[in-house]
Amino acid sequence: MRDIPNLVKYVDKYVEPPEGEYVEYIAPGQVKVPNKVIIGYIEGDGIGPEVVYAAIRVANAAVEKAYGGARKVIWYEVVAGEKAEKLTGSRLPRESIATLEKIRVFLKGPLETPVGSGFRSVNVTLRQMFDLYANVRPVRYLPGLPSPLKKPEAVDLVIFRENTEDVYAGIEWPHHSPEAAKLREFLKREFGISIREDAGIGIKPISKFGTQRIARLALKFAIENKRRVVTVMHKGNIQKYTEGAFRDWAFEVAREEFRNFVIFEDELIQHGGQIPPGRVLVNDRIADNMLQQLLTRTSEYDVILAPNLNGDYVSDEAAGLVGGLGVAPGIDVGDWGMMAEPVHGTAPKYRGKNYVNPTATILALELMFKFLGWREAASLILKGVETAYREGYYTGDLVRQMDEGEREKVKEVLGTQEFADKVVECMK
């Protein structure tokens with residue numbers, strides 16, 4: 001790790017930061033940010049430390065250039081994941097939870113989640129524990145990125161994925177468990193429903209409350225940022241009382257709370273098929289059809305509102321249209337906290353090789369600064385990344401996606417830390 005100013009590292013216990021103040025939430029979703037602000041960070045597993053420290057260096061440079069010392073971030077490490085388990089025996093120690101409850105705003109590197117068995121996802125636990133109900137993922141084409149699309153410039157999406165419910169609530173039991181046996185017996189006795197004895201059982205909760213608060217956030221974002229369309233993505237033709245209800249409840253919020261700002265698809269005929277000025281179109285699409293339309297009719301999609309599982313699928317597909325998960329940032333937002341994160345995983349085979357792309361983590365901090373109101377620093381980060389790509393600087397993951405003709409525009413292939421250095425140089 002290179003020398004990074006304003007960085008407080010965890011050693012063997014938590015100590016108070018030497019300077020700075022915490023972000024204050026003065027009302028749901030409304031923050032007061034001190035000029036010398038303490039922001040937490042979790043290194044993450046696998047490649048996590050490499051991309052996290054690269055992103056922090058870029059963020060520090062942006063803050064310094066934007067505010068000339070008038071504002072500063074004190075980066076305070078919170079241990080979780082593999083590092084925490086080695087130090088404390090737990091992947092999410094109580095002390096770390098208590099620290100995050102004070103900080104409220106933090107960057108999280110990718111954390112390992114096992115498939116099939118083992119410990120539960122720390123990522124999901126953090127989202128549920130702090131009620132970070134909205135996962136916001138912007139996906140926009142940056143000139144120079146490889147893309148399978150003929151017209152990648154049509155990709156300009158913001159995905160609002162519900163973050164706390166659906167199958168990600170983690171309510172499930174293995175087929176051989178006593179809980180699964182009880183459920184099978186109950187369903188057979190009370191409803192005449194038979195489930196095979198070798199079937200695992202999961203429950204998919206989607207609530208009106210959970211749906212409408214993220215619908216409200218997505219609609220407010222679309223109106224304030226002059227977006228064109230909010231599309232509700234669902235599988236309500238089959239899952240009528242969960243995903244179908246998600247669609248109905250989202251439309252209810254649009255109709256009852258934003259009526260003067262929105263228009264529905266069946267109303268367009270009154271306006272010659274065009275969206276009237278100052279209105280946002282609210283429509284819906286069946287999930288499987290929409291996944292292919294994102295490839296064939298890309299420009300029709302703008303803001304996407306989806307339940308948890310659908311939102312996960314569509315976010316990763318969308319990222320693949322503009323260079324992959326290495327350039328895909330995300331931020332988890334609630335009424336009383338936020339967690340910025342790259343969308344990609346831990347990529348353990350690249351650990352310590354200075355190979356992976358830090359763009360997703362860099363742009364996650366750009367998103368965080370936007371949500372905190374530090375828009376000047378956010379703009380500098382985005383400008384630095386855009387300029388680096390436009391001038392022909394790439395990491396290896398992007399170059400390997402390019403065909404022979406595209407590789408002609410590559411000036412230099414950089415490692416993780418060198419790419420961060422180039423972004424800082426481009427900002428200056």
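All residue numbers in this chain count up from 1 along the given sequence. Given the structure is predicted, the values throughout are model-derived calculations rather than measurements. Computation of the quantities below employed the complete heavy-atom set of this structure, encompassing side-chain atoms and omitting hydrogens, waters and symmetry-equivalent molecules.
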Using the ring-ring contact (aromatic ring centres under 6.0 Å, His included) rule, collect all pairs that involve [range], keeping only residues at least two apart or in two chains.
{"range": "residues 387-415", "answer": "Tyr389-Tyr394, Tyr389-Phe419"}
{"range": "residues 305-353", "answer": "Tyr350-Tyr355"}
{"range": "residues 197-241", "answer": "Phe160-Phe221"}

Inset, instruction - May I have all residue pairs that pass salt bridge (Lys or Arg N to Asp or Glu O under 4.0 Å) and include part of residues 232-242, sequence neighbours excluded? - result: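 For residues 232-242, and leaving out neighbouring residues, the salt bridge (Lys or Arg N to Asp or Glu O under 4.0 Å) pairs sorted by first residue read Lys235-Asp288.
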Inset, instruction - Could you pull out all residues at least two apart from Glu77 that satisfy salt bridge (charged side-chain N to carboxylate O under 4.0 Å, His left out)? - result: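 So Glu77 forms a salt bridge (charged side-chain N to carboxylate O under 4.0 Å, His left out) with Lys9, Lys83.
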Inset, instruction - Sequence neighbours left out, what passes salt bridge (charged side-chain N to carboxylate O under 4.0 Å, His left out) with Lys36? Give chain and number order. - result: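 Salt bridge (charged side-chain N to carboxylate O under 4.0 Å, His left out) check on Lys36 returns Glu19.
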Could you pull out all residues at least two apart from [X] that satisfy side-chain contact (heavy atoms from CB on, under 4.5 Å)?
{"X": "Ala62", "value": "Ala377, Leu380, Ile381, Met427"}
{"X": "Arg390", "value": "Glu386, Thr387"}
{"X": "Ala420", "value": "Ala54, Arg57, Val58"}
{"X": "Thr298", "value": "Leu149, Ala154, Val155"}

Less than 4.0 Å between a side-chain N and a carboxylate O, is that true for [Y] and [X]?
{"X": "Lys226", "Y": "Asp302", "result": "no"}
{"X": "Glu425", "Y": "Lys428", "result": "no"}
{"X": "Glu418", "Y": "Lys422", "result": "no"}
{"X": "Arg213", "Y": "Asp131", "result": "yes"}
{"X": "Glu341", "Y": "Arg127", "result": "yes"}

Inset, instruction - Identify the residue among Asn123, Asn163, Thr164 that makes a side chain to side chain donor-acceptor pair (under 3.5 Å) with Asp332. - result: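 For Asp332, the side chain to side chain donor-acceptor pair (under 3.5 Å) check succeeds only for Asn163.
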Legend entry - Summary of side chain to side chain donor-acceptor pair (under 3.5 Å) pairs that have at least one residue in residues 195-204, sequence neighbours excluded: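 Residue pairs with at least one partner in residues 195-204: Asp166-Lys204, Lys204-Gln239, Lys204-Glu243.
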Legend entry - Pairs where residues 175-185 contributes a residue and the test side chain to side chain donor-acceptor pair (under 3.5 Å) is met, not counting sequence neighbours: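 Of all non-adjacent pairs touching residues 175-185, those that pass side chain to side chain donor-acceptor pair (under 3.5 Å) are Glu185-Arg189.
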